[in-house]
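What follows is a single structure, written as structure tokens, with notes after it.
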Amino acid sequence: MADDLWTPVISMVGVAVGGALTYLTQRTTQRAADRAEERRRAVAQAEERRAEQIRTVLEFIRCALEAEGVAHARPPQWEVGDDWYVTARPAMDGLRIAEKSIELLCAPGLHSPTTAYAHALNQAVWQERDEGSLAERLEPFKTQFLAEARRSLT
């Protein structure tokens, strides 16, 4: 009768061990799949963030070029409400918004060159012109901004 008892006990132990191994295998596989999904989500989020930063930098560049064009077209004498002002005001507002977008969405190292370039453009548009060409005055700020933008996006 002892032999009759051992067979079901060994079978039950085999089922229990097999069930435990199956559980551990499934749990390990699920954890690995969860980690892989988390990595995939992190990579996708980083790519989306980078694309958003690129769009923000490109928008700032577009606004900066528009402001530069307004500065080049600035008449010697202008008044609020004339044709040049009607073009200049929205261009400068767009530049200011684009500058703040850079501060919100891009690397902190890009804030200072962006602000310096925007300030130089603001001076070029609204202040009296000094000696030298507009391009020569803006070039150092533009160069510094573009170099930092390139560094921050790599």
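Heads up: numbering here begins at 1 and tracks the sequence.
Note on residues 97-107: pairs passing side chain to side chain donor-acceptor pair (under 3.5 Å), not counting sequence neighbours, are Arg96-Glu99, Glu99-Thr115, Lys100-Glu103. Sequence neighbours left out, the pairs with a member in residues 82-91 that pass salt bridge (charged side-chain N to carboxylate O under 4.0 Å, His left out) are Arg89-Asp93.
The shortest distance between side-chain heavy atoms of Leu65 and Phe60 does not fall below 4.5 Å. Taking 4.5 Å as the limit, every side-chain heavy atom of Gln123 sits out of range of all side-chain heavy atoms of Arg137. The shortest distance between side-chain heavy atoms of Phe141 and Leu121 does not fall below 4.5 Å. Considering only heavy atoms from C-beta on, Tyr117 stays 4.5 Å or farther from Leu146 through its side chain.
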List, one per line, each side-chain donor-acceptor pair under 3.5 Å for residues 8-18, sequence neighbours excluded.
| from | atom 1 | to | atom 2 | distance (Å) |
| --- | --- | --- | --- | --- |
| Ser11 | OG | Thr7 | O | 3.1 |

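Under the rule for a side-chain hydrogen bond (donor to acceptor under 3.5 Å, both in side chains), the partners of Thr143 that lie at least two apart in sequence or sit in another chain are Glu139. Residues satisfying the salt bridge (charged side-chain N to carboxylate O under 4.0 Å, His left out) test with Glu37, not counting sequence neighbours, are Arg40, Arg41. Looking at residues two or more places apart in sequence or on another chain, you find no side chain to side chain contact (heavy atoms under 4.5 Å, CB included) involving Pro76. Remark: Trp126 pairs with Asn122 by the side-chain hydrogen bond (donor to acceptor under 3.5 Å, both in side chains) rule, at least two apart or across chains. A search for side-chain hydrogen bond (donor to acceptor under 3.5 Å, both in side chains) contacts involving His72 returns nothing, not counting sequence neighbours. Among residues two or more places apart in sequence or in another chain, the side-chain hydrogen bond (donor to acceptor under 3.5 Å, both in side chains) test is passed with Arg62 by Glu59, Glu66.
With rounding to the nearest 0.5 Å, the separation of CZ in Arg31 from CD in Glu38 is 14.0 Å. Remark: Glu79 CD to Tyr85 OH distance equals 12.0 Å, nearest 0.5 Å. The distance from the CD1 atom of Ile102 to the CD atom of Glu148 is 11.0 Å, given to the nearest 0.5 Å. A distance of 11.5 Å separates CG in Leu110 from CZ in Arg150, rounded to the nearest 0.5 Å. We find the CG-CE distance between Leu95 and Met92 to be 5.0 Å, quoted to the nearest 0.5 Å.
Grouping Ile, Leu, Val, Met, Phe, Trp and Tyr by side-chain contacts under 4.5 Å, direct or through others, puts Leu104 with Leu105. Through direct or indirect side-chain contacts shorter than 4.5 Å among Ile, Leu, Val, Met, Phe, Trp and Tyr, Val43 is connected to no other residue. As a member of the Ile/Leu/Val/Met/Phe/Trp/Tyr network built from side-chain separations under 4.5 Å, Tyr23 groups with Leu24.
Closest approach of Ala124 to Arg74, counting heavy atoms only: O-CD, 4.1 Å. Between Val125 and Ala67, the closest heavy-atom pair is CG2-O, 3.6 Å. Considering all non-hydrogen atoms of both residues, Gln53 and Leu153 come closest at CB-CD2, 3.8 Å. For the residue pair Ala107 and Ser152, the shortest heavy atom distance occurs at CB-CB, 4.0 Å. When every heavy atom of Cys106 is checked against every heavy atom of Val57, the shortest pair comes out as SG-CG2, 4.0 Å. Annotation for Gly94 and Cys63: closest pair O-SG, 3.6 Å, computed over non-hydrogen atoms.
A donor-acceptor contact shorter than 3.5 Å links the side chain of Trp84 to the backbone of Val70.
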